[in-house]
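Okay, structure first, notes after.
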Amino acid sequence: MPTVRDIRTNEGDEPITMLTAYDAPTAAIVDEAGVDIVLVGDSVGNTSLGYETTLPVTVDDMVRHVSAVSRAIDDALVVADMPFLSFGVDESDSIENAGRMLKEADAEAVKLECGPHTVELTERLVELGIPVMAHLGLTPQHVNQYGGYPRQGTDQDAAERILELAQAHEDAGAFSLVLEHVPANLAATVTETLETPTIGIGAGPDCDGQVLVVDDAVGLSEWSPSFAKQFGDVRAEMASAVEAYVEAVESGAFPAEEHSHEEGDLEDIY
Ligand code: KIV
């Protein structure tokens, strides 16, 4: 059962594994497979709530999904993503919202999409006992600023800013750092420079760990980014099961005798 401390010291021989989950049955599968960290990402907005972006996701949405995941997990570390504008605007609101993830939803840590505005907040949360996973590179909550989801850190200045912010969040007490959609050589430099473990998504092979959105990994997503690998074809499996169900009901093959029962005492019902 990895703790925040185990992840921070990263003494395991193998890379850290992290996957997202948003509901209890998926969380149980991910946990039983031996994943180290389950992230309840605000990507729940795209994967499960039908939004185009993560921006509409609320703190209440996150509390509901994190609670469901926490109830299903025996071993993995549960990290709750902080949704858009739930942090970094007002310090006491940020603390209250992050605190709800631990107090009400049983997460063990929160993840923040970071920038210069989250350095002090990280320090304060850590001081109060709320472990922080930092997230740099492509931060999808900035979709409107980016005009999409482009790779980040692609020129010298941008790469240096990411490296500086990574160091600042390590100094502020973050226990790990997600690096999303950045050049592999930048991720390698950040990983080499920091003591804090890095967890990459679209950041090459040299991070201390890897994370994917579970729907992308199992092949449930309709679309997934070019850096994601599909390890199964759950969408096709589900589609064929549902088609078989429709056909069986329409043809009268379901329910069959073994799916029904008759009650002798009801013979005189009319
Ligand atoms: O919301 C999310 O799922 C994430 C991961 C992709 C890191 O932030």
Side-chain angles (χ1 to χ4, degrees), residues 7 15-23 26-27 30 35-59 61-66 68-69 76-88 97-98 101 105 107 109-115 118 122 131-143 146 148-153 162 166 169 174-182 187 190-191 196-204 207-218 220-221 223-231:
I7 300 297
I16 298 163
T17 51
M18 178 158 102
L19 267 184
T20 65
Y22 315 102
D23 59 62
T26 310
V30 167
V35 162
D36 298 313
I37 306 174
V38 174
L39 169 69
V40 187
D42 65 348
S43 49
V44 67
N46 310 104
T47 59
S48 313
L49 300 178
Y51 297 129
E52 287 284 316
T53 71
T54 58
L55 305 192
V57 176
T58 65
V59 173
D61 289 333
M62 291 307 300
V63 167
R64 173 69 54 98
H65 286 275
V66 176
V69 165
L77 186 81
V78 177
V79 178
D81 216 356
M82 296 300 296
F84 183 52
L85 298 186
S86 69
F87 63 99
N97 290 332
M101 300 303 163
V110 297
K111 178 171 82 58
L112 307 179
E113 290 192 12
C114 290
T118 53
T122 297
V132 172
M133 173 181 279
H135 179 164
L136 288 168
L138 176 67
T139 47
Q141 291 170 13
H142 288 87
V143 56
Y146 300 141
Y149 299 98
R151 187 180 293 123
Q152 298 295 303
I162 289 173
H169 284 82
F175 75 95
S176 56
L177 169 69
V178 169
L179 282 173
E180 180 165 353
H181 208 12
V182 295
V190 174
T191 303
T196 308
T198 58
I199 303 177
I201 173 163
C207 292
D208 297 301
Q210 295 292 327
V211 55
L212 282 180
V213 166
V214 70
D215 298 49
D216 296 341
V218 302
L220 182 58
S221 306
W223 172 90
S224 52
S226 58
F227 54 71
K229 178 171 158 127
Q230 196 179 312
F231 293 85

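What you see is a predicted model; the values in this text were computed from it and never measured. Numbering of ligands and ligand atoms starts at 1, following listing order.
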If you round to the nearest 0.5 Å, how far is [atom2] of [Y] from [atom1] of [X]?
X	Y	atom1	atom2	result
I199	D208	CD1	CG	8.0 Å
S176	L77	OG	CG	8.0 Å
L112	M82	CG	CE	7.0 Å
H169	L177	NE2	CG	9.0 Å

Can you sort out which atoms of ligand 1 are near [X], meaning under 4.0 Å from one of its heavy atoms?
X	answer
H135	8 (O)
D42	1 (O)
I201	6 (C)
G41	1 (O), 2 (C), 3 (O)
T20	3 (O)

Do [X] and ligand 1 have an N or O pair less than 3.5 Å apart?
X	answer
D81	yes
Y22	no
E113	no

Side chains of [X] and [Y] in contact at under 4.5 Å (non-hydrogen atoms):
X	Y	result
I7	M133	no
Y149	T53	yes
Y22	V214	yes

Backbone N/O of D216 and side chain of S221: donor-acceptor pair under 3.5 Å | yes
Side chain of T58, backbone of D61: donor and acceptor closer than 3.5 Å?
-> yes
Report the part of L39 (side chain from C-beta onward, or backbone N, CA, C, O) that has a heavy atom under 4.0 Å from ligand 1; answer both or neither where that applies.
-> side chain
Region of L212 engaging ligand 1 - heavy atom pairs below 4.0 Å | neither
Between P140, A21, S43, which one has a non-hydrogen atom sitting closest to atom 3 (O) of ligand 1?
-> S43
Top protein contact for atom 8 (O) of ligand 1, by heavy-atom distance | K111 NZ, 3.0 Å
Residue-ligand contact M18/ligand 1, heavy atom below 4.0 Å | no
